[in-house]
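Here is the naming used below: chain letters follow the sequence lines, and residue numbers restart at 1 for every chain. This structure is a prediction, so every number in the text was calculated from the model and none was measured.
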Protein chains: 2
Amino acid sequence: MTDESTSARDENLPRKERERLMRRSEILAAAFNVFGEKGFERATLDEIAERAEFGKGTLYNYFSSKEDLFAAAFQRLLDDFRAIADEVCGQDLTVRECLTEYTMRSVAYYREHYAFCHTAMQEHYRRSVEDGSDTRKDHQKNVDYTIEPLARCLDLGMESGQVRKADPWTYAHIFVGLIDHFYLQLTREQLPDSEKDMRQQVDTLITVFCDGIAAKEKDGRH
Amino acid sequence: MTDESTSARDENLPRKERERLMRRSEILAAAFNVFGEKGFERATLDEIAERAEFGKGTLYNYFSSKEDLFAAAFQRLLDDFRAIADEVCGQDLTVRECLTEYTMRSVAYYREHYAFCHTAMQEHYRRSVEDGSDTRKDHQKNVDYTIEPLARCLDLGMESGQVRKADPWTYAHIFVGLIDHFYLQLTREQLPDSEKDMRQQVDTLITVFCDGIAAKEKDGRH
DNA sequence: TCACAGCATGACCATCGAGTCATCATACGA
DNA sequence: TCGTATGATGACTCGATGGTCATGCTGTGA
């Protein structure tokens, strides 16, 4: 739902196309809000259309069904997280800086789109148990997509000697587990508001992780 | 949903009454399953009735609405947790034994009724944000009800010098936060199956907590 | 200015499910 | 055995909502 995620993709398209994407994006934004507030079932297409300032029929010019609209919103969520990882890892940072930055930004994103993140996780879970598919595998695939750049970053860190040699994906998953900690705090509204306090907390967590994965040295200094 | 929670309340009632409670309990059990599998909105009274082997109309002789049925199921959940706390704290145990036993049993309960616990938390959350009431306060009231015996147990521990003097409710809440750790693992299907391994994990966690709240002594021994 | 393509629209339809109630089965007391 | 009360039942009602489509509007190019 970041503006960048919209405009970045539009750049040099004919106006018609750009406008169409714009409208699609507005519908998606409304869907984010309504799905977030009401959950999938209680959200109505009428309300989403009204919020987006379109008629209901218009929605069907952009999405084939309520389910499809939800899937698109969910995909947007994944893309946004992936974009954060891409951007952070694209800069020339140490592994530690990378992880810190990623954590700060993704928690900020969580906070901003808290309601939809919540609904998305619920519905995703419900869907994966519904049709008997393996929950974990499906979920894992999505998580992997969003953090792939982090895994690559860790891999590079291993080659450059910053990080202990191991499977980078394993470390990436452990890292995500640690971030969940913040997500939980968010749910309980226990997260500090100020950027400074937040950075302090993130730093504590990153220290634990970085010490845990740091290349072993003889001096063992923290 | 424990059998005890049903029969314990029935003891010496006239047969009519007992049967009525029994049937109510069966409906509640079906509701646990269907709400758990489908979530509140997707669950239908037809299915709940079918599972309970009653006609749909019969449900309305026991509960006034779908909402009411859900509320009753939710209350049953709280009562069951409360019953665990009551029973554990009723025995003559040290604080540490109490907490260990409570953890083992509540995690076992979580595991058995995982789906409904999940749905219940989701819906409870949704409801509390819906009507603008304060989420945290409402949620806290329910949590407090279920762990009240634990708070009392901690309070006694303080008087008998086992536990550092402080607000027992604060400690009780911290303790619940720690248990959440297991709940999360459960969600990810990462919890050990064997009783022995489980007890091992619980012990680790309890040690952290007990060391943290132990009355301060000069020798400072772990 | 006109014709046409593309798109927005909301009235309409079909489905679904919560909740009702007339009816029927059963138990029990007279 | 009969009459009554209690309670189970599922066909039915009715509102809500996902999805459709005939209509009309707007912008563009001739």
Side-chain angles (χ1 to χ4, degrees), chain A residues 10 13-74 119-120 123 126-127 130-131, chain B residues 6 10 13-74 119 123 126-127 130-131:
Chain A
D10 302 349
L13 285 163
R15 206 196 73 230
K16 269 286 179 57
E17 281 302 309
R18 247 182 307 134
E19 282 182 357
R20 191 178 165 79
L21 276 180
M22 204 58 210
R23 264 171 264 139
R24 192 188 130 99
S25 198
E26 272 161 31
I27 294 172
L28 232 34
F32 250 63
N33 291 331
V34 179
F35 280 136
E37 286 166 29
K38 306 283 179 68
F40 181 78
E41 289 293 333
R42 281 188 262 254
T44 69
L45 291 181
D46 281 307
E47 182 165 1
I48 293 173
E50 195 186 350
R51 292 266 192 114
E53 293 175 273
F54 287 108
K56 178 161 66 164
T58 308
L59 263 54
Y60 284 86
N61 290 331
Y62 293 85
F63 304 95
S64 66
S65 66
K66 186 183 186 184
E67 190 63 40
D68 184 42
L69 175 56
F70 180 77
F74 187 70
T119 296
E123 287 304 319
R126 195 67 73 189
R127 263 150 248 265
E130 196 74 355
D131 45 42
Chain B
T6 309
D10 302 349
L13 286 163
R15 206 197 73 231
K16 267 287 179 57
E17 280 303 309
R18 247 181 307 134
E19 281 182 0
R20 189 176 167 81
L21 277 179
M22 203 60 209
R23 265 171 261 140
R24 191 188 131 98
S25 197
E26 272 161 30
I27 293 171
L28 231 34
F32 250 62
N33 290 331
V34 179
F35 280 136
E37 285 166 30
K38 306 285 180 65
F40 181 78
E41 288 295 332
R42 281 189 263 254
T44 69
L45 291 182
D46 280 306
E47 181 164 2
I48 293 173
E50 196 185 351
R51 292 266 192 115
E53 294 176 272
F54 285 109
K56 179 160 66 163
T58 308
L59 263 53
Y60 285 86
N61 290 331
Y62 293 85
F63 304 95
S64 66
S65 66
K66 186 183 186 184
E67 189 63 39
D68 184 42
L69 175 55
F70 181 77
F74 187 71
T119 295
E123 288 302 320
R126 193 69 71 189
R127 264 149 247 266
E130 195 73 356
D131 45 40

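Distances from the side chain of B:Tyr62 to the nucleotides C:dT9, C:dC7, D:dA8 place D:dA8 closest. For A:Thr44, counting side-chain heavy atoms from C-beta on, the closest listed nucleotide (D:dG18, D:dT9, C:dT9) is D:dG18.
To the nearest 0.5 Å, the span separating CD1 on A:Ile48 from CG on A:Asn33 amounts to 9.5 Å. From A:Ile27, atom CD1 reaches atom CG of A:Leu59 across 4.5 Å, with rounding to the nearest 0.5 Å. Put simply, CZ on A:Arg24 and OG1 on A:Thr58 are 15.0 Å apart, with the number rounded to the nearest 0.5 Å.
Closest heavy-atom contact between B:Asn61 and B:Arg20: O-NH2, 2.7 Å. Scanning both residues, B:Arg126 and A:Thr119, for their nearest heavy atoms gives NH2-OG1, 3.0 Å. Across all their heavy atoms, A:Glu67 and A:Phe40 have their closest contact at OE1-CZ, 3.6 Å. When every heavy atom of B:Ala73 is checked against every heavy atom of B:Phe32, the shortest pair comes out as O-CE1, 3.5 Å.
The separation between B:Phe63 atom CZ and C:dT20 atom C1' is 18 Å, rounded to whole Å. Rounding to whole angstrom units, CD1 of residue A:Ile27 and C1' of C:dC7 are separated by 12 Å. Rounded to whole Å, atom C1' of D:dT6 lies 13 Å from atom CD of B:Glu17. Spacing between atom CD of B:Glu41 and atom C1' of D:dT17 amounts to 12 Å, rounded to whole angstrom units. Remark: P of D:dG18 and CG of A:Leu69 are 11 Å apart, rounded to the nearest angstrom. Atoms CG (B:Asp46) and P (C:dA18) sit 7 Å apart, rounded to a whole Å. Atom P of nucleotide C:dA18 and atom CD of B:Glu50 are separated by 13 Å, given to the nearest angstrom. Residue B:Glu47 contributes atom CD, which lies 14 Å from atom C1' of C:dC16 at whole-angstrom precision.
The salt bridge (charged side-chain N to carboxylate O under 4.0 Å, His left out) search around B:Arg42 returns A:Glu41, A:Glu123, not counting sequence neighbours.
Taking 4.0 angstrom as the limit, A:Arg42 places none of its side-chain polar atoms (N or O) nearer than this to OP1 or OP2 of D:dA16. Side-chain nitrogen and oxygen atoms of A:Asn61 include none within less than 4.0 Å of the OP1 or OP2 phosphate oxygen of C:dC7. The phosphate of C:dG6 has neither OP1 nor OP2 within less than 4.0 Å of any side-chain N or O from A:Arg20.
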In 5'-to-3' order, the base (B), backbone-only (S) or no-contact (-) status of each nucleotide in nucleotides 19-24 of chain D, using a 4.0 angstrom heavy-atom cut-off, is BB----

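Across all strands shown, B:Ala43 has heavy atoms under 4.0 Å from sugar-phosphate atoms exclusively, and none from any base.
Inter-residue side-chain proximity for B:Phe70 and B:Arg127 is flagged as met; some heavy-atom pair is nearer than 4.5 Å.
Pairs engaging residues 47-56 of chain A under the side-chain hydrogen bond (donor to acceptor under 3.5 Å, both in side chains) rule: A:Glu37-A:Arg51, A:Lys38-A:Glu47, A:Glu47-A:Arg51 [sequence neighbours left out]. For residues 47-67 of chain A, no pair satisfies ring-ring contact (aromatic ring centres under 6.0 Å, His included), with sequence neighbours left out.
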N/O to N/O distances under 3.5 Å, protein versus nucleotides 23-28 of chain C:
residue, atom, partner, partner atom, Å
C:dC28, OP1, B:Arg15, NH2, 3.2

Writing each nucleotide of DNA chain C 5' to 3' as (, ), [, ], | or . by Watson-Crick or G-U pairing under 3.5 Å yields ||||||||||||||||||||||||||||||

